[in-house]
Amino acid sequence: MIALIDCNNFYVSCERVFAPSLRNKPVAILSNNDGCIVARSQEIKDLGIKMGTPYFKAKKIIERHKGAVFSSNYELYGDMSNRVMSVLRTFSGKTEIYSIDEAFIKVPEYRQNDPENFSSEIIRKVYKWTGIPVKVGTAETKTLAKIATELVKKDKLKQLYKILLNKREITQALKKIPVIDIWGIGKATADTLNEHGIFTAEQFTALDEQFVRKKFNVMTARTLKELQNIPCMKIDEQPQPQKNLCYSKSFGSPVTEYSSMTESVINYSSNAAAKLRKNKQKAQSVTVFITTNFFNKKQKQFAGSKTLSFPSAVNSTEAIVHYALKALKLIYKNNCCYKKCGIILNELISEDIIQPDLFETDNPNDEKISEVMDKINSKYGKGTIKLAGEGVNDACWKMKRNMLSRNYTTRWDELLETD
DNA sequence: TCTGGGGTCCTAGGACCC
DNA sequence: TCTGGGGTCCTAGGACCC
């Protein structure tokens, strides 16, 4: 038996924990650069504002309803997520953190005779200990557990949990779910299914496995079996180490100068390198990409990317910045109005794997310098020490975060300063 | 004026090997 | 005149997730 725990409007809930006056008001959270709406309270949804709506299109209506809007505060959400997950671990020895706001847990044997009570205990304890409201879906497969939480959302059930164990109830449930809402079925597959006259999860579940396997792929066939209550996906406690790491952001305002572009590439590379070291990994190659604003139809469009391999796996800021700048030089085109750039570190391996550098081009001091920088930044706050090439704090390309809340749970010094 | 970011997995096709 | 069969590896692109 598997339970899926899903935090309700997670980012919104995090902000509300520290601003209780917002509990019954419309609250929206914006993407980087304060661009799109990426999380919505129920009140915002009720205003008809869709996920991903550009903020400028929804601003007026939110203001009219006296709603609150926040820039996304990933430090806060990340920390709140850790708290929720540690509460969940008190319920089961087997938990899989699926995303920042969701986890699958295996229901322990001795709790399987009473999933209702088990669910409501989870909901109560997580709320009491963290302030975050969650919903719980229980079933014998992951995909059906997902369907169960979907039903809680859709039907606005009195209970914040749903149990899908017996056959009749499963069939009833699947009738209410359009294929696009099935976990693992996206737009493309849903469109094809619709063309074949398949609209609900119940209709999909009746299909022949071989047909689905042929028409689509193994993943979709697996989803089918899971909906037929045949488990195909295990709870994955030890997620595989990450294979790529990407740090990319749109610019606050467009970049037209090579010097600004280098600043941002140095900054993004340093950030990516720091993340890599935090994950205790090294990269074997780096990709740099730059693009113009593709929403602007009148502008000349350009997108370039280049991947360079390191002589041996690295994670020092110095080495990564060096190669990223080399790659940038190869793709940069003058007279373009750039909107975005990004750094991808590829072919990641554990930093414990020692790979001798054949040509000994590494500078052994680089790693030590990076280590010291990490220590200083972790003690005194991100950005305390950085490369001069990263430019100043108010550089035009830096992302906009005009409505940022405080790091209530991770930076007490910051609170003391501002209060 | 203003439109996000970060991942994974699968597949088909090309290049190459014997 | 007639030109095989069986592999592996890599890459780009598509599809999906949050």
Side-chain angles (χ1 to χ4, degrees), chain A residues 4-7 9-11 28-40 49-60 62 69-74 77-78 81 96-104 142-143 146 149-150 179-193 213-223 232-233 236 239-254 268 271-272 275-276 279 281 284-285 287 289 291-299 305 307 309 337 339-348 399-403:
Chain A
L4 170 68
I5 293 86
D6 185 356
C7 300
N9 328 319
F10 182 56
Y11 296 174
I29 314 295
L30 305 179
S31 63
N32 281 338
N33 259 319
D34 296 341
C36 296
I37 292 175
V38 292
R40 305 161 297 155
I49 297 168
K50 297 257 175 326
M51 179 76 174
T53 307
Y55 175 47
F56 69 89
K57 286 188 181 169
K59 193 172 175 199
K60 274 208 178 122
I62 297 176
V69 176
F70 293 92
S71 305
S72 29
N73 184 343
Y74 290 107
Y77 311 152
S81 173
E96 172 187 342
I97 298 171
Y98 176 65
S99 73
I100 193 161
D101 68 338
E102 277 174 77
F104 290 103
K142 281 180 160 183
T143 311
K146 279 287 234 181
T149 56
E150 196 64 35
V179 285
I180 185 72
D181 289 345
I182 301 170
W183 184 51
I185 305 280
K187 174 100 177 42
T189 308
D191 284 349
T192 313
L193 285 169
R213 170 82 183 78
K214 264 215 176 106
K215 191 92 198 161
F216 304 100
N217 53 49
V218 276
M219 310 283 282
T220 314
R222 217 175 286 162
T223 298
C232 298
M233 304 176 196
D236 193 6
Q240 298 305 304
Q242 211 171 305
K243 292 169 184 165
N244 304 293
L245 188 162
C246 175
Y247 194 98
S248 111
K249 273 168 189 35
S250 302
F251 301 130
S253 26
Y268 293 8
N271 278 302
K275 263 195 195 177
L276 188 63
N279 296 348
Q281 288 181 303
Q284 306 189 74
S285 64
T287 304
F289 64 89
T291 66
T292 52
N293 184 356
F294 48 81
F295 286 108
N296 191 336
K297 302 278 186 281
K298 291 176 215 150
Q299 251 171 23
S305 89
T307 302
S309 293
C337 197
K339 178 62 181 166
K340 184 177 180 175
C341 94
I343 309 295
I344 308 171
L345 300 173
N346 311 294
E347 302 162 86
L348 307 189
M399 74 165 158
K400 286 183 227 153
R401 285 173 105 185
N402 293 332
M403 292 158 279

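Numbered from 1 within each chain, the chains take letters A, B, ... in sequence-line order.
R40(A) places its CZ atom 16 Å from the P atom of dG4(B), with the value rounded to the nearest Å. Regarding N33(A), its CG atom lies at a distance of 6 Å from the P atom of dG5(B), rounded to whole Å. Separating the CZ atom of F294(A) from the C1' atom of dC2(B) is a distance of 14 Å, rounded to the nearest angstrom. The distance between atom OH of Y98(A) and atom P of dC17(C), rounded to the nearest whole Å, is 7 Å. Taking atom CG on D6(A) and atom P on dC18(C), their separation rounds to 9 Å, with Å as the unit. Atom CZ of F10(A) is separated from atom C1' of dC17(C) by 17 Å (rounded to the nearest Å). The CZ atom of F295(A) sits 9 Å away from the C1' atom of dG4(B) (whole-angstrom rounding). Taking atom NZ of residue K339(A) and atom C1' of nucleotide dG4(B), one finds them 10 Å apart after rounding to whole Å.
Backbone-only engagement by I185(A) is indicated by non-hydrogen atom pairs under 4.0 Å involving sugar-phosphate atoms exclusively. No contact: L30(A) has no heavy atom under 4.0 Å from any strand. K243(A) comes within 4.0 angstrom of the backbone, heavy atoms only, and of no base. The residue T189(A) sits close only to the backbone: its heavy atoms come under 4.0 Å of sugar-phosphate atoms, none of a base. No contact: K400(A) has no heavy atom under 4.0 Å from any strand. Among the atoms of the strands shown, none is found under 4.0 Å from any heavy atom of D34(A). At the heavy-atom level, I180(A) lies nowhere under 4.0 Å from the strands shown.
Both M399(A) and R222(A) lie close to DNA chain B; mapped to their nearest nucleotides by heavy-atom distance, the more 5′-ward contact belongs to M399(A). If P254(A) and K275(A) are placed on DNA chain B by their nearest nucleotide, the residue sitting closer to the 5' end is P254(A).
Defined by atom type and a distance below 3.5 Å, a donor-acceptor pair is present between the side-chain atoms of S285(A) and E347(A). If you check the side chains of D6(A) and T149(A), you find no donor sitting under 3.5 Å from an acceptor. In this model, a donor atom of one side chain and an acceptor atom of the other lie less than 3.5 Å apart for N346(A) and T287(A).
In this model, the phosphate group of dC18(C) is approached by a side-chain N or O of K146(A) to a distance below 4.0 Å at OP1 or OP2. For dG4(B), the OP1/OP2 oxygens have no side-chain nitrogen or oxygen of S248(A) closer than 4.0 Å. OP1 or OP2 of dG5(B) has not a single side-chain nitrogen or oxygen of S72(A) nearer than 4.0 Å.
Classification of the F104(A)-Y98(A) ring pair by plane angle, with boundaries at 30° and 60°, yields perpendicular.
In this structure, N217(A) and T220(A) have side chains that are in contact, with non-hydrogen atoms separated by less than 4.5 Å. Contact check for M399(A) versus S250(A): no side-chain heavy atoms found under the 4.5 Å cut-off. At a threshold of 4.5 Å between non-hydrogen side-chain atoms, the residues S72(A) and N32(A) count as touching. Annotation: side chain of E96(A) is not in contact with side chain of M233(A) (no heavy-atom distance under 4.5 Å).
Within a 6.0 Å sphere centred on CZ of F294(A), heavy atoms belonging to other residues, nucleotides or ligands number 12 at most.
Rounded to whole Å, the P atom of dC18(C) lies 26 Å from the corresponding atom of dT3(B).
Among the nucleotides dG4(B), dC18(C), dA15(C), the one closest to any side-chain atom of A188(A) is dA15(C). In the set dC16(C), dG4(B), dG6(B), the nucleotide with an atom closest to the side chain of K249(A) is dG6(B). Listed candidates were dC18(C), dG5(B), dT3(B). Nearest to the side chain of K340(A) is dG5(B). Nearest nucleotide to the W183(A) side chain, out of dG6(B), dT3(B), dC18(C): dC18(C).
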**Asked** In dot-bracket form, how is DNA chain C paired, counting a Watson-Crick or G-U wobble pair only if both its distances are under 3.5 Å and using | for bases paired to another strand?
**Response** ....||||||||||||||
Polar atom pairs between nucleotides 7-10 of chain C and protein, under 3.5 Å, N or O only, would you list them?
none

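Between the side chain of D34(A) and the main chain of N402(A), a donor-acceptor pair closer than 3.5 Å is present.
Annotation: cation-pi pair K249(A)/Y247(A) present, NZ/CZ under 6.0 Å from the ring centroid and within 45° of its normal.
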